Asker: 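Dropping a structure here in structure tokens format, bear with me for questions.
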Amino acid sequence: MTLLLDSVRAWCWLLHKDLLREWRAPRGWSGMLLLAVVLAALIEMQLELPRELKRGLVAGLFWLAAFFAGTLALERSFAAERECGCWSALLLYPVAPGTIFLAKLTANFLALCLVDAVLVAAFTIFSDVPLLTRPAAFAGILLLANLGFASVGTLLGALTSGIQQRGSLLVLLLLPLVSPVILSAAQATRLLLADSPGDWQRWAQLLAVFAVVFVSLGTLVFEFLTED
Amino acid sequence: MLRLARFDAPPETDAAPLSVRGLSCALSGRTILRDVSLTITAGEAVAILGANGSGKTTLLKCLTGRLRPNAGEVRWFDRPAHRTPSARHSIGFAGHDVALYPELTARENLVFAARMHGLPDPDRIADEALRRVGLERHAGQFAGRLSRGMQQRVAIARAVIHAPPIVILDEPFTSLDADGRQWLEDWLNGQRIRNRTLVWTSHDDAQTRRLATRQLELHNGDLIDLAHPLPANRRRCA
């Protein structure tokens with residue numbers, strides 16, 4: 001029990017440190033959020049379609065925009081640790097690697113939630129598609145998709161953080177691995193936006209399974225990915 | 001399964017704080033360390049010399065358990081060093097990079113380190129650590145805005161905040177001005193008096209002769225004991 005409490009305490013302080021750093025030096029956030037807004041505006045301007053057709057498309061486009069803006073957030077996550085040499089020092093603390101993974105995952109998850117909040121606002125303003133007609137269900141899809149996206153992104157971020165040109169490498173590895181998340185989230189959102197919502201829960205279940213698998217996998221293999 | 005770590009004091013044992021047996025390491029096909037063996041007893045101050053690229057940093061990474069060697073092993077107090085979170089209480093490491101979070105103040109960096117080690121009353125410990133390195137007046141300054149010498153002091157304070165019995169420093173004198181060098185020399189001497197085991201890398205032969213109880217040199221992957229530079233001793237410094 002004491003061991004678990006120690007790990008929970010370490011997780012809290014790691015997360016506190018990451019959030020405090022982001023709050024004081026929000027490097028890259030302006031670019032990331034601007035990208036989200038520009039993507040939403042561009043997509044909307046190109047879609048001069050009847051409202052019914054647009055509903056079907058907006059779900060996919062929303063998640064595509066979330067992927068691009070979210071990838072920027074994930075890239076920064078480990079770059080900020082590496083650039084001041086803090087990553088090696090962090091791994092020398094007597095803290096289980098799985099705890100470090102879970103803290104990084106939580107920070108990335110919160111960053112993705114912020115990106116999504118901006119995207120939802122931008123899509124709501126620029127398009128006349130009501131994304132928030134079923135807010136609780138939509139929030140559930142957002143949370144599950146972000147958890148899956150963040151777990152894969154945190155794993156790959158750790159894997160590629162010691163490699164030069166890691167930015168492009170991260171995108172190359174991330175896209176095929178998170179495709180199931182983007183597709184499931186887009187499908188669930190499309191069904192949710194329809195006048196009579198279809199079986200969106202099945203896609204939400206798939207998102208949940210994906211998140212559970214990658215969070216568990218990351219906790220187990222993180223220490224091997226962070227070896228020099 | 002999630003591996004948990006907890007505060008675990010260094011064992012009270014007669015075992016050598018640091019021992020290395022048959023350590024070999026190759027990176028990108030190039031041999032960096034070849035069958036290195038070494039035993040460092042409590043209170044020893046060991047300086048490792050060597051040209052740039054001779055493998056000093058690689059050896060220190062192995063000693064801290066950060067790098068898994070191709071062969072051989074590193075033990076702290078006769079416990080395997082590699083990937084043992086709780087055993088990491090035994091060592092303190094300050095690398096070539098100061099590894100301080102620039103957006104956090106000097107004090108916040110130390111409080112964070114104390115928390116990661118699970119120490120009680122981290123605020124008081126951080127203040128005490130800053131006082132010991134003479135930076136109590138700079139406690140509230142962001143680490144990124146401190147001079148290189150001050151950053152180095154904070155980095156060393158962070159490395160020893162949990163009073164580890166083994167302290168490993170990678171080129172600690174780099175970028176320090178005359179005052180900083182003098183401070184670090186005094187600090188190293190003070191640690192020796194406290195019976196702490198010290199290992200550091202350096203390029204300065206004269207300085208290490210003054211400070212170290214033992215000088216080793218890395219040359220072509222071999223670790224040579226400079227007190228006994230005979231061919232028979234070229235590979236085994238135990």
Side-chain angles (χ1 to χ4, degrees), chain A residues 1-28 76 80-103 105 162-163 215-228, chain B residues 1-8 25 27 57-58 60-62 64-69 81-105 108-109 111-119 122 142-144 151 155 158-159 161-162 164 168 170:
Chain A
M1 195 61 186
T2 314
L3 298 176
L4 186 62
L5 277 177
D6 284 346
S7 283
V8 171
R9 211 171 286 139
W11 173 82
C12 286
W13 291 124
L14 283 162
L15 184 61
H16 172 261
K17 180 262 298 172
D18 276 351
L19 296 180
L20 190 60
R21 292 186 69 200
E22 289 299 335
W23 176 256
R24 287 186 181 164
R27 295 162 298 186
R76 295 176 55 258
E81 290 278 357
R82 287 270 181 190
E83 71 189 23
C84 51
C86 296
W87 186 236
S88 293
L90 191 63
L91 295 173
L92 284 176
Y93 287 121
V95 174
T99 307
I100 298 175
F101 168 75
L102 291 174
L105 165 66
I163 302 168
V215 170
S216 310
L217 188 70
T219 311
L220 289 171
V221 304
F222 192 69
E223 75 170 291
F224 304 106
L225 296 182
T226 53
E227 274 187 356
D228 269 352
Chain B
M1 188 181 155
L2 177 64
R3 279 193 17 208
L4 304 171
R6 65 174 305 217
F7 182 78
D8 190 5
C25 192
L27 298 174
T57 299
T58 305
L60 292 198
K61 278 187 176 177
C62 290
T64 57
R66 267 295 286 137
L67 183 64
R68 192 193 290 267
H82 193 78
R83 298 286 168 190
T84 318
S86 65
R88 287 188 209 133
H89 286 291
S90 303
I91 64 151
F93 175 71
H96 195 257
D97 294 321
V98 289
L100 299 173
Y101 294 104
E103 308 86 359
L104 304 188
T105 65
E108 285 169 344
N109 269 286
V111 169
F112 174 70
R115 282 171 176 157
M116 287 295 100
H117 282 287
L119 302 178
F142 287 113
Q151 287 179 342
R158 189 207 55 224
I161 199 157
H162 55 299
I168 299 173
D170 191 5

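Source: prediction; values computed, not measured.
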Asker: Looking only at heavy atoms, which two atoms of A:Trp13 and B:Phe112 are closest? And how far apart?
Answerer: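 Of all heavy-atom pairs spanning A:Trp13 and B:Phe112, the closest is O-CE1, 3.8 Å.
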Asker: Between A:Arg21 and B:Leu104, is any pair of side-chain heavy atoms under 4.5 Å apart?
Answerer: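 Result yes, sub-4.5 Å side-chain heavy-atom pair found.
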Asker: Which one of A:Arg24, A:Arg9, A:His16 has the most heavy-atom pairs closer than 4.5 Å to chain B?
Answerer: A:Arg24
Asker: Locate the shortest heavy-atom distance separating A:Gly85 from B:Ala99; write the atom from each residue and the value.
Answerer: O-CB, 3.2 Å
Asker: Of all the heavy-atom pairs spanning A:Val95 and B:Arg88, show the shortest one and how long it is.
Answerer: O-NH1, 3.7 Å
Asker: Taking side chain as everything from C-beta outward and backbone as N, CA, C, O, which of these in B:Ala113 sits under 4.5 Å from a heavy atom of chain A? Side chain, backbone, both or neither.
Answerer: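 For B:Ala113, backbone and side chain are both near chain A.
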Asker: Does the side chain of A:Leu90 come within less than 4.5 Å of B:Tyr101's, by heavy atoms?
Answerer: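 Yes, close enough: below the 4.5 Å cut-off.
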Asker: Nearest 0.5 angstrom please: B:Lys61 NZ to A:Ser88 OG, how far?
Answerer: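 Answer for the NZ-OG pair, B:Lys61 versus A:Ser88, is 6.0 Å.
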Asker: Rounded to the nearest 0.5 Å, what separation is found between the CD atom of A:Glu22 and the CD atom of B:Glu103?
Answerer: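 Atom-to-atom, A:Glu22:CD and B:Glu103:CD are 8.0 Å apart.
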Asker: Counting only non-hydrogen atoms closer than 4.5 Å, does B:Leu27 touch chain A with its backbone (N, CA, C, O), its side chain (CB onward), both, or neither?
Answerer: neither
Asker: What distance do A:Trp87 atom CH2 and B:Arg66 atom CZ have between them, rounded to the nearest 0.5 Å?
Answerer: 8.5 Å
Asker: What distance separates B:Arg68 CZ from A:Phe224 CZ, expressed to the nearest 0.5 Å?
Answerer: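 These two atoms lie 7.0 Å from each other.
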